[in-house]
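Notes follow once the structure below has been shown.
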Amino acid sequence: MTGNTFKTLDDIGDVAGKAGLVRVDLNVPMADGVVTDDTRLKAVIPTVIELADKGAKVLLLAHFGRPKGEYKPEFSLEPVVAPLAEVLGREVAFMPRPSSDAIAALPDGSIVMIENSRFAAGEEKNDPGMAKMIAAFGDFYVNDAFSAAHRAHVTTEGLAHLLPSYAGRSMERELNALNRALGNPEHPVVAVVGGAKVSSKLDVLRQMVEKVDHLIIGGGMANTFLAARGVDVGKSLCEHDLADTANEILEAAEKADCTVHLPYDVVVSKEFAPNPPTRTVNVHEVAADEMILDVGPAAVEALSDVLKTCKTLVWNGPMGAFETPPFDMATVALARTAAALTKEGQLLSVAGGGDTVAALNHAGVADEFSFVSTAGGAFLEWMEGKPLPGVEALQS
Ligand code: 3PG
Ligand code: MG
């Protein structure tokens, strides 16, 4: 992704009385019918309000869960209507099945949520017939769902080819931030990549060594790299079968002049439970019956110094088992350093991916990063350097 060549709402002209098909991501976490995190609801506010205030009929398209092409009541978007209306401060109508007559009868400026796009069998197949049918309901298409842009579905991709298409405000903000972080960043750039398994982030790591000046590897995946270098990691989570792959990544990094930082001290325990007895040791002193559960304080200090020399940070994945105390210390300390540097104007900090946002919230600094993506899978695919169909379609 280089530069941004898509149209935005600035290019949309007069939309009064026109029907806009607006793809948003309302795949929100819910428990007992209550939305437990409204980040994604809030993300749609700028686009929806701007279009409604310009007199457009705003027809919201979204998926919820994975109903696999058939109606299943537990995947209805109806329970999201009221929380969305509250966040927007506007009335939101619900349309189980869109029809041209019903849409024609809507007053200008109205906001309507259409039922889960994945109830239709054609959605995930990006079926051209379905795309044509849905496109007929609108005069223009807006994609404001970066977090679903890794899917080539009717509502994320197909419609963009059939109607005048624009990136919504959240999509625009997201793409601009990501472009500043990796597309055209200010160097030195540091990537923090953590999480449990190397296997789930191989392509991310391969891409990062080509793009960044410093790569900090933490979490369980650091153990695989340590083991590949001959360190005995005891009972630690470790993908021993990926030793060759880990060494290949380290070699590629060396060729690309990317400095890889692995922890040299670690916090270990014999059990993975809250507040067990722990030791902080050099990586070469892990006992056979111990497991590494966090990066140690000396390494954290060195890593903080690395952040201080950098201009741009991309963060995905926690440094340790942060959900179980006290193994959150490295993640929290490093996140706070990044937040402080951001506040001082020293660092542009961009983070994304499921547990990353949870980890930054846990550290209390999510608001202090320059940008925190609403995306999970889409953020990872972007870090892997893969084209995102929803974004590509806006550019063509
Ligand atoms: C997400 O929650 O990551 C997006 O909404 C995409 O959902 P999906 O993984 O079911 O396609
Ligand atoms: Mg997903």
Side-chain angles (χ1 to χ4, degrees), residues 21-31 34-45 47-48 60-72 74-81 83-84 87 113-127 130-131 134 141-160 167-168 170-171 173-175 177-178 195 200-201 203-204 315-317 350-361 366 371-384 386-394:
L21 294 166
V22 181
R23 181 49 155 106
V24 288
D25 192 347
L26 301 179
N27 199 24
V28 288
M30 254 210 288
V34 177
V35 176
T36 54
D37 178 348
D38 63 1
T39 312
R40 284 180 171 175
L41 300 184
K42 288 187 180 141
V44 312
I45 298 173
T47 293
V48 173
L60 299 176
L61 301 173
H63 75 279
F64 186 67
R66 294 176 177 172
K68 301 261 175 257
E70 54 183 296
Y71 178 78
K72 291 188 186 134
E74 66 272 30
F75 292 111
S76 174
L77 271 169
E78 197 166 9
V80 182
V81 174
L84 179 64
V87 161
M113 191 184 303
I114 293 175
E115 182 59 290
N116 192 343
S117 58
R118 290 188 184 170
F119 285 165
E123 165 72 336
E124 295 187 58
K125 296 182 188 128
N126 205 358
D127 175 64
M130 173 176 165
I134 304 288
Y141 168 74
V142 174
N143 190 345
D144 208 23
F146 174 80
S147 46
H150 54 323
R151 308 295 180 211
H153 298 170
V154 166
T155 61
T156 59
E157 204 274 347
L159 290 177
S170 290
M171 173 74 94
R173 248 190 104 222
E174 185 108 29
L175 294 178
L178 299 190
S200 63
K201 293 190 184 167
D203 289 337
V204 170
W315 186 319
N316 174 267
V350 171
D355 3 331
T356 313
V357 180
L360 297 186
N361 279 329
F371 187 80
V372 177
S373 175
T374 56
F379 189 87
L380 276 185
E381 291 197 24
W382 164 76
M383 277 186 91
E384 289 167 358
K386 290 199 182 129
L388 301 175
V391 175
E392 298 273 297
L394 290 176

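All values below come from the heavy atoms of this structure, side chains included, with hydrogens, waters and symmetry mates left out. Just so you know, ligand 1 is whichever comes first in the structure, and atom 1 is the first atom listed for that ligand.
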For this session: Side-chain contact test, heavy atoms from C-beta onward, threshold under 4.5 Å: evaluate it for Val350 versus Leu178 and give yes or no.
Result: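 Side-chain contact under 4.5 Å: yes.
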Exercise. Any side-chain heavy atom of Thr47 sitting closer than 4.5 Å to one from Met171?
Worked result: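 In short, these two side chains do not touch, never coming nearer than 4.5 Å.
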For this session: Could you establish whether Arg118 and ligand 1 come within less than 4.0 Å of each other, counting only heavy atoms on the residue side?
Result: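 Arg118: in contact with ligand 1 (<4.0 Å).
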Problem set entry | Within-shell test, Ser147 vs ligand 1, heavy atom, strictly < 4.0 Å |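 Yes, Ser147 has a heavy atom closer than 4.0 Å to ligand 1.
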For this session: Go through the side-chain N and O atoms of Lys72 and Asn116 and say whether any donor and acceptor fall under 3.5 Å apart.
Result: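 Side chains of Lys72 and Asn116: no pair found under 3.5 Å.
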For this session: Rounded to the nearest 0.5 Å, what's the gap from OH on Tyr141 to OG1 on Thr156? Could you check?
Result: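 Those atoms lie 6.0 Å apart.
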Exercise. Atom CZ of Arg173 and atom CZ of Phe371: how far apart are they, to the nearest 0.5 Å?
Worked result: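 One gets 5.0 Å once the value is rounded to the nearest 0.5 Å.
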Problem set entry | For Asp25, the ligand 1 atoms whose distance to one of its heavy atoms is below 4.0 Å |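 Per the distance check, 4 (C), 5 (O).
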Exercise. Can you list the atoms of ligand 1 that are under 4.0 Å from a heavy atom of Arg151?
Worked result: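 Checking each atom against Arg151, I get 8 (P), 9 (O), 11 (O).
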For this session: Kindly identify the option in Arg40, Arg66, His150 whose heavy atom sits closest to atom 1 (C) of ligand 1.
Result: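 Shortest heavy-atom distance from atom 1 (C) of ligand 1: Arg40.
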